[in-house]
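Because the structure is predicted, anything quoted here is derived from the model rather than measured.
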Amino acid sequence: MEEKKKNPLFKSQNEKAGSQTFQKYSYQYHWALYRVLEEHENMQEYAVFVELHEDVVISDSLDSERAKFEFNQVKTNQAKFNTYQLVKKKKNGKCVLGKLISSGLEKPFSDQISNLNLVSLNDFNLELNEENVKLDKIRLEDLSENQLKELESEIKKELDIDSLPVNIQFIVPSLSKNNFQNDVIASIVRLINNLFPNSHHNALEIYRLLIDEIQRKGQVTYDFKKWDELLAKKALTSITVSKVINQFTSLKDEEKINSEFSDICSELNLNSIEKKLLKRPFDRYRTQKNGNNSLAQLELTRFFEKEIQDNINTGVTSISTLIGNVLEVIPNKIKRQFHSDDEIRSAIICEFILLDNE
């Protein structure tokens, strides 16, 4: 057996802080992605920002007027956070807990902050009001009276507040310390299997594109006055995640979908040219549907699915009758999303086929 050669550069490294810092920030980015992948399965809108007012900020909507923001400070300290570590002032004059509170204190968006979360990889050592319990999410109501008073007393010395904000939470993440890249990839696999059972996908490519996107945008340091500009330049959104997932996921058997489309066209007595003209908006709508996780698209799909299912339940057996019935009840706000009746017909046909196959 060949003897392995000795490493000529083997020696304790003088400088390890750089790699440790990289690991810290890499974990922060991966946690941000891991966190929103949990949201994605619920088919809700979201946007995630890294290094914007806090380590990770998550918006629950792409509509600036509806949005509520979750502020997350992510820590990878080796030891558990105890009272002293939470309130010990650093060189900037603020403690960890004080910095978290300050990120949302007396800001124009303060009323839109749903939670102020301190995320600690290595848990917390805080006194709870119930003995012998272990929580991965600790709210103020879970703290003992003495523990709460102790924290409030120290924070009052630093900040001009009467009490701790009620939306503070102490969270222990489920994303592991040393295997977080694989954990995120595994979460992508679970997500796709839950959303699209029996589909074929490339989870590694999806991971690479998404982590690159969130890291690239996290490094943007400009300020943006317009919400749309902030989303475009700084956020990873639910729409982008959907597009990337669908780009590397074979959602359905293309041959089967095309065959069913042809059968419907035959039932509608369309000739070759008419079929081709209908296929174009059909393909456009299907691409839009697969790549768009916006609230508007979800509401559109839900409307069509309900009307189609209602027609089937009442005994409608003709696709022509079904399309006509749905066309009659479409509200104007939905009609305005299409340029022509043919586009609406193609959308109904698309939703009918996918409803039948999903």
Trace of the salt bridge (Lys or Arg N to Asp or Glu O under 4.0 Å) decision for Glu299 with Arg302: CA-CA 5 Å; Glu299 290 176 345; Arg302 287 167 184 160; 6.0 Å; no

side-chain contact (heavy atoms from CB on, under 4.5 Å) assessment of Leu236 paired with Lys217: CA-CA 8 Å; Leu236 175 67; Lys217 290 189 171 180; 5.7 Å; no

Chi angles and distances behind the side-chain contact (heavy atoms from CB on, under 4.5 Å) call for Asn72, Arg35: CA-CA 11 Å; Asn72 298 276; Arg35 173 69 182 79; 5.5 Å; no

Chi angles and distances behind the side-chain contact (heavy atoms from CB on, under 4.5 Å) call for Asp55, Trp31: CA-CA 10 Å; Asp55 293 339; Trp31 183 84; over 6 Å; no

Candidate pair Gln73 and Val96, rule side-chain contact (heavy atoms from CB on, under 4.5 Å), full reasoning: CA-CA 9 Å; Gln73 192 175 137; Val96 170; 3.4 Å; yes

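Annotation: Lys233, atom NZ; neighbour count of heavy atoms from other residues, nucleotides and ligands within 6.0 Å does not exceed 12. More than 12 heavy atoms of other shown residues, nucleotides or ligands fall within 6.0 angstrom of atom CG in Asn179. Residue Asp111 places its CG atom among 12 or fewer non-hydrogen atoms of other residues, nucleotides or ligands, all under 6.0 Å distant. In Tyr84, the OH atom is not crowded: 12 or fewer heavy atoms of neighbouring residues, nucleotides or ligands sit closer than 6.0 Å.
Taking the six-membered ring where the residue is Trp, Phe261 and Phe282 present tilted rings, their angle falling between 30° and 60°. Using the six-membered ring where Trp is involved, Tyr207 and His30 have ring planes that are tilted, between 30° and 60° apart. Aromatic ring pairs are classed by plane angle as parallel below 30°, tilted from 30° to 60° and perpendicular above 60°; the pair Phe170 and Phe124 is perpendicular.
Atoms CZ and CG, on Arg345 and Asp341 in that order, are 5.0 Å from each other to the nearest 0.5 Å. To the nearest 0.5 angstrom, Ser320 atom OG is 11.5 Å from Ile264 atom CD1. Here the CG atom belonging to Leu204 is positioned 3.5 Å from the CZ atom belonging to Arg208, to the nearest 0.5 angstrom. Within the model, atoms CD of Glu307 and CD1 of Ile323 stand 14.0 Å from one another, a figure rounded to the nearest 0.5 Å. The CG atom of Leu52 sits 9.0 Å away from atom CZ of Phe69, with the distance rounded to the nearest 0.5 Å. The distance from atom CD of Glu45 to atom OG of Ser61, rounded to the nearest 0.5 Å, is 4.5 Å.
In this structure, Ile344 is a member of the same hydrophobic cluster as Val329, with clusters built from ILVMFWY side-chain heavy atoms closer than 4.5 Å. The hydrophobic clustering, which links ILVMFWY residues whose side-chain heavy atoms are closer than 4.5 Å, places Leu268 and Ile312 together. Follow the hydrophobic side-chain contacts under 4.5 Å out from Tyr222 and you reach Val57 in the same cluster.
Nearest heavy-atom pair across Tyr34 and Leu175 is CD1-CD1, 3.7 Å. In terms of heavy-atom proximity, Leu33 sits nearest to Ile214 at N-CD1, 4.1 Å. Contact record, Leu135 with Leu128: CD1-CD1, 4.1 Å, taken as the closest heavy-atom pair. The nearest pair of heavy atoms linking Ile334 to Leu300 is CG2-CD1, 3.4 Å. Between Thr240 and Glu213 the shortest heavy-atom distance is CG2-OE2, 4.3 Å.
Proximity of a side-chain donor or acceptor of Lys80 to a complementary backbone N or O of Asp123 within less than 3.5 Å is not detected. Glu127 places no side-chain N or O within 3.5 Å of a backbone atom of Asn146 that could act as its donor or acceptor partner. Asp142 places a side-chain N or O within 3.5 Å of a backbone atom of Arg139 that can act as its donor or acceptor partner. Judged by distance alone, the side chain of Ser153 and the main-chain N or O of Glu150 form no donor-acceptor pair under 3.5 Å. At distances below 3.5 Å, not a single donor-acceptor pair connects side-chain atoms of Ser102 with backbone N or O atoms of Leu105. The main-chain N or O of Asp162 is found under 3.5 Å from a side-chain atom of Lys156 such that the two form a donor-acceptor pair.
In this structure the side chain of Glu39 never reaches within 4.5 angstrom of the side chain of Val48, judged on heavy atoms. Ile308 has its side chain within reach of Leu322: a pair of non-hydrogen atoms, C-beta onward, lies under 4.5 Å apart. Within the 4.5 Å cutoff, no side-chain heavy atoms of Ser174 are placed close to those of Asp136. Between Gln247 and Leu209 the shortest side-chain heavy-atom distance falls below 4.5 Å. The shortest distance between side-chain heavy atoms of Glu54 and Leu100 falls below 4.5 Å. In this structure, the side chains of Glu305 and Leu354 stay at 4.5 Å or more apart for every pair of heavy atoms. Looking only at side-chain heavy atoms (C-beta outward), Pro173 and Phe180 stay at 4.5 Å or farther from each other. Between Phe303 and Pro331 the shortest side-chain heavy-atom distance falls below 4.5 Å.
Residues Asn122 and Asn77 have side chains that never bring a donor and an acceptor to within less than 3.5 angstrom of each other. A donor atom on one side chain and an acceptor atom on the other are not found under 3.5 Å apart for Glu70 and Asn115. Glu351 and Tyr285 are linked by a side-chain donor-acceptor pair at a separation below 3.5 angstrom, with hydrogens and angles left out of the test. A donor and an acceptor atom, one from each side chain of Lys275 and Ser262, are located under 3.5 Å apart.
Under the side-chain hydrogen bond (donor to acceptor under 3.5 Å, both in side chains) test applied with Lys149, the options Glu145, Glu152, Gln147 reduce to a single match, Glu145. Exactly one residue among Gln112, Lys68, Arg66 makes a side chain to side chain contact (heavy atoms under 4.5 Å, CB included) with Asp60. That residue is Lys68.
The stretch residues 310-335 participates, sequence neighbours left out, in these salt bridge (charged side-chain N to carboxylate O under 4.0 Å, His left out) pairs: Lys306-Asp310.
Ion pairing between a basic and an acidic side chain is recognised when a charged N comes within 4.0 Å of a carboxylate O; Lys234 and Glu51 show no such pairing.
Partners of Gln219 according to the side chain to side chain donor-acceptor pair (under 3.5 Å) rule, which considers only residues two or more places apart in sequence or in another chain, do not exist here.
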